[in-house]
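Working notes for the structure below.
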Amino acid sequence: MSQKLELISFKMCPFVQRAVIVLKKKNIDFDITYIDISNPPEWFKEISPLGQVPIMKVGDEVLFESTVIQEYVDEITPPSLHPEDALVKAKSRAWMSFGSDILFAMHPMVTTPDETVSNEKKAIVLQKLSKLEAVHSGGTYFNGEDFGMIDAAYAPMFMRMNFIKMHTGVDLLEATPKMAKWSEALLAQDFVQESVVPELPMMYKGMLKNMNGFFATKLKD
Ligand SMILES: N[C@@H](CCC(=O)N[C@@H](CS)C(=O)NCC(=O)O)C(=O)O
């Protein structure tokens, strides 16, 4: 690799974390710059096409969209973390995209003050998890015993589900045992634990409290 990669991040963002996991799993040296996404600097607004993190600077070029960044990092640092078989790889990519929909339902589930809306979002999350349960290999990771790109895409979601369980007692994985086992295997990996700032569990609790949504009423102590 000729140039050092630079990831632009927001500490709480699960999408940025996907790319960080791939970079760490592959032992790639990279820079990370944190911004406050609710008050982004001018230089960020100028270079981020959607005004979202993650973006990745590659020399003078800018990449956006977490899974695209994941794929780019994987492609320039062979061997790939994707399965070799084209069909298995295509299916993995489809289920990676499915994971983004779960993250998009989880955020309003915990932040809306409206109990009915929160319950509706929770039902969406649980229904999607049961679909995922049906297609999971039953092995340590999604496709079997090898950690892959799809595992990097889902680990940030499981980390946040674990924070929710830890801080509110709500266990989103209680009806999906393969998901619970998968989560445990992913969260035990050093490169997953080291893909976030150490204070993230407390930041997540602070976010639940500050957003004052329905899940704030469930916070322990
Ligand atoms: N589809 C995007 C989603 C990224 C995303 O939603 N990032 C959030 C932070 S976690 C963001 O930048 N939000 C600011 C905004 O949408 O204005 C991806 O996968 O990279």
Side-chain angles (χ1 to χ4, degrees), residues 5-25 28 30-58 61-76 81-82 89-112 121 124-125 128 132 142 148-164 167 172 186 192 194-211 213 215:
L5 304 171
E6 181 186 355
L7 201 53
I8 313 301
S9 174
F10 166 57
K11 288 179 182 170
M12 299 278 297
C13 183
F15 297 98
V16 184
Q17 195 187 344
R18 291 172 161 177
V20 178
I21 291 172
V22 175
L23 287 157
K24 294 221 171 245
K25 169 72 181 160
I28 301 162
F30 66 102
D31 287 325
I32 189 158
T33 301
Y34 295 106
I35 62 159
D36 175 2
I37 196 66
S38 60
N39 184 22
E42 279 309 313
W43 62 261
F44 173 77
K45 290 191 218 167
E46 276 162 27
I47 62 173
S48 171
L50 298 171
Q52 294 184 326
V53 289
I55 55 171
M56 176 173 265
K57 288 208 236 170
V58 187
E61 303 285 346
V62 172
L63 292 177
F64 61 107
E65 277 300 319
S66 58
T67 47
V68 173
I69 295 172
Q70 256 191 275
E71 298 274 359
Y72 172 74
V73 170
D74 186 56
E75 268 184 43
I76 61 168
L81 289 174
H82 263 311
K89 191 191 307 192
K91 281 165 62 183
S92 294
R93 285 184 168 133
W95 288 107
M96 282 163 74
S97 164
F98 187 84
S100 297
D101 291 348
I102 306 184
L103 282 168
F104 287 128
M106 264 172 77
H107 191 67
M109 174 189 83
V110 294
T111 56
T112 177
K121 299 294 177 189
I124 293 171
V125 169
K128 288 191 186 301
L132 207 50
F142 187 81
M149 294 285 276
I150 186 163
D151 302 291
Y154 274 94
M157 175 195 85
F158 286 124
M159 188 176 275
R160 279 145 193 82
M161 288 181 172
N162 196 44
F163 295 157
I164 291 171
H167 295 313
L172 295 163
L186 292 174
V192 171
E194 289 161 11
S195 63
V196 292
V197 292
E199 64 272 25
L200 188 66
M202 289 325 286
M203 285 179 76
Y204 194 86
K205 186 179 185 186
M207 184 275 289
L208 291 180
K209 211 170 172 177
N210 294 337
M211 298 295 278
F215 269 60

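Atoms within a ligand are numbered from 1 in the order they appear, just like the ligands themselves.
- Scanning the protein for heavy atoms near atom 19 (O) of ligand 1, the closest one is S66 OG, 2.6 Å.
- What sits closest to atom 9 (C) of ligand 1 on the protein, heavy atoms only, is C13 SG, 3.4 Å.
- Of all the listed residues (L50, L63, V53, T67), V53 holds the heavy atom that lies closest to atom 8 (C) of ligand 1.
- Heavy-atom proximity to E65, at under 4.0 Å, picks out these atoms of ligand 1: 1 (N), 2 (C), 18 (C), 19 (O), 20 (O).
- With sequence neighbours left out, the side chain to side chain contact (heavy atoms under 4.5 Å, CB included) criterion links F64 to P49, L50, I55.
- When hydrogens are left out, the protein atom nearest atom 14 (C) of ligand 1 is I37 CG1, 3.6 Å; that is the closest non-hydrogen contact.
- Two rings, from F104 and F15, have their centers less than 6.0 Å apart.
- Polar contact with ligand 1: absent for R18 (N/O pair, distance under 3.5 Å).
- Nearest protein heavy-atom neighbour of atom 17 (O) of ligand 1: G51 O, 3.9 Å.
- Considering every non-hydrogen atom in both A153 and M96, the closest pair reads CB-CG, 3.8 Å.
- Note on ligand 1: F10 sits outside its first shell, no heavy atom being nearer than 4.0 Å.
- Residue P54 has at least one heavy-atom neighbour below 4.0 Å for each of these atoms of ligand 1: 20 (O).
- Of the candidates Q52, M96, H107, Q52 brings a heavy atom nearest to atom 3 (C) of ligand 1.
- Taking the six-membered ring where tryptophan is involved, the planes of F98 and W95 are perpendicular, since the angle between them exceeds 60° and thus also 30°.
- Using modelled atom types, one side-chain atom of R160 and one backbone atom of P156 make a donor-acceptor pair closer than 3.5 Å.
- Between the side chain of D74 and the main chain of Q70, no donor-acceptor pair closer than 3.5 Å is present.
- Among residues two or more places apart in sequence or in another chain, the side chain to side chain donor-acceptor pair (under 3.5 Å) test is passed with D36 by S38.
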